[in-house]
Amino acid sequence: MSPSATDADIRAIVSKVRAAGGEAFISRGDRHAVIVLLGDVELFAGLNLGRMAGVLRVMRVSTSYKLVSREHHPERSVVDVAGVPIGPDNFTVIAGPCAVESAEQTAAAAELAMRAGATLLRGGAYKPRTSPYAFQGLGERGLRILAEVRAETGLPIVTEVVDADDVDVVAEHADMLQIGTRNMQNFALLQAAGAVGKPVLLKRGMNATIEEWLLAAEYIAQRGNLNIVLCERGIRTFEKATRNTLDISAVPVAQYLSHLPVIIDPSHSGGRRELVLPLSRAAVVAGADGVIVDVHPAPETAKCDGPQALVGADTDELADSMARLAEFMGRQLT
Ligand code: E4P
Ligand code: PEP
């Protein structure tokens, strides 16, 4: 639909398609609304949809994912997270603790995040842990701590939701919902996150192909939300020297196939502090739209993923490297 299309224009198309026995899904992005039509293509051709008010173009999309495909949307998207743009003109640093452990630890981590040049604060209140005995997060108390730190620092919050039943409470506090690697194909969660209307950070499943990842994003988009950022966070390979293998080629491939922004997570992929800077540098020059990085004021006491958290002076180095390389790539650091 053209940017000037009205809700009435959109409703008129949906009614016409449904009256003809088809199905229509509306998704709204920053500039355009897109309507995906499912049904008899020959029949749609007879409806003269291209002449209806507000329609920019009607086209057939051959990929299995439609709304997130670059085929119908050649220009790359910008996702706005509470005023922070993630997209092709910028390089966005998201940083914070892996898990919210206390108000003091989160505030100290937010200081480090700002030192690292972050404009968005990450932090898990609900933690997806391999062991049921490991720290599972502070839940709603963690969300309230994040909201307090946002009030003090002005940093919008990115936080994970692990259960469809928690989407509303997480969306109440968060500026962006994160769906983690373990939940990339939790379809009920993807749909609930898509319906709530906040931007979504969708991590790639550690065993997922790029096509499966884009189809997961399509579940969110199909619920009306095109404000999705993809995050490559490493995949499982035979290699044991790193926690996961950062698939750097996923950055240009996903950007070629989809109009959505793509960032990387050097912390969960490398799994070790000393790998975070080199992987972040690689991300900028591979064309990524940002990074999401763990920081912790005292990683030796961290309740989750301490070995991969940046500390003190590392954050200065990250800020400096990201600024210089973003400039080299013709991007503005947001
Ligand atoms: C992310 O923060 C995850 O909760 C964490 O990496 C899971 O790791 P685990 O295998 O130690 O639970
Ligand atoms: C996280 O970023 O807190 C997280 C759980 O990461 P991943 O889903 O990539 O393991």
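Counting starts at 1 for both ligands and their atoms, following the listed order.
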Min side-chain heavy-atom separation E101-L138 under 4.5 Å = no
Verify the cluster assignment for V84 and L146: are they in a single hydrophobic cluster under the rule of side-chain heavy atoms below 4.5 Å apart?
->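 In one cluster: no.
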Is V14 reachable from L226 through a run of I, L, V, M, F, W or Y residues, each pair having side-chain heavy atoms under 4.5 Å apart?
-> no
Out of curiosity, R233 CZ to D265 CG, how far, rounded to the nearest 0.5 Å?
->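 Answer for the CZ-CG pair, R233 versus D265, is 7.0 Å.
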Taking all heavy atoms of A116 and all of V93, pick out the closest pair and write down the distance.
->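 Heavy atoms of A116 and V93 come nearest at O-CG1, 4.0 Å.
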Looking at D289, T92, D89, which one forms a side chain to side chain donor-acceptor pair (under 3.5 Å) with R331?
->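 Going through the options one by one, the only one that passes is D289.
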What does the list of residues with a heavy atom under 4.0 Å from ligand 1 look like, ordered by chain and number?
->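 Those residues closer than 4.0 Å to ligand 1 by some heavy atom are C98, K127, P128, R129, T130, R182, R243, H268, C304, D305.
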Give the protein residues with at least one non-hydrogen atom closer than 4.0 Å to an atom of ligand 2, ordered by chain and number.
->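 Close residues (ligand 2, cut-off 4.0 Å): R122, K127, P128, E160, Q178, G180, T181, R182, K203, R233, H268.
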State which residue, out of V161, V170, V100, D163, fulfils the side-chain contact (heavy atoms from CB on, under 4.5 Å) condition with Y126.
->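 Answer to the side-chain contact (heavy atoms from CB on, under 4.5 Å) test with Y126 among V161, V170, V100, D163: V170.
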Member of V68, V61, L67 meeting the side-chain contact (heavy atoms from CB on, under 4.5 Å) criterion with Y65 |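 The single option meeting the side-chain contact (heavy atoms from CB on, under 4.5 Å) with Y65 is V68.
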Quick one: sort the H259 and H73 rings into parallel, tilted or perpendicular, breaks at 30° and 60°.
-> parallel
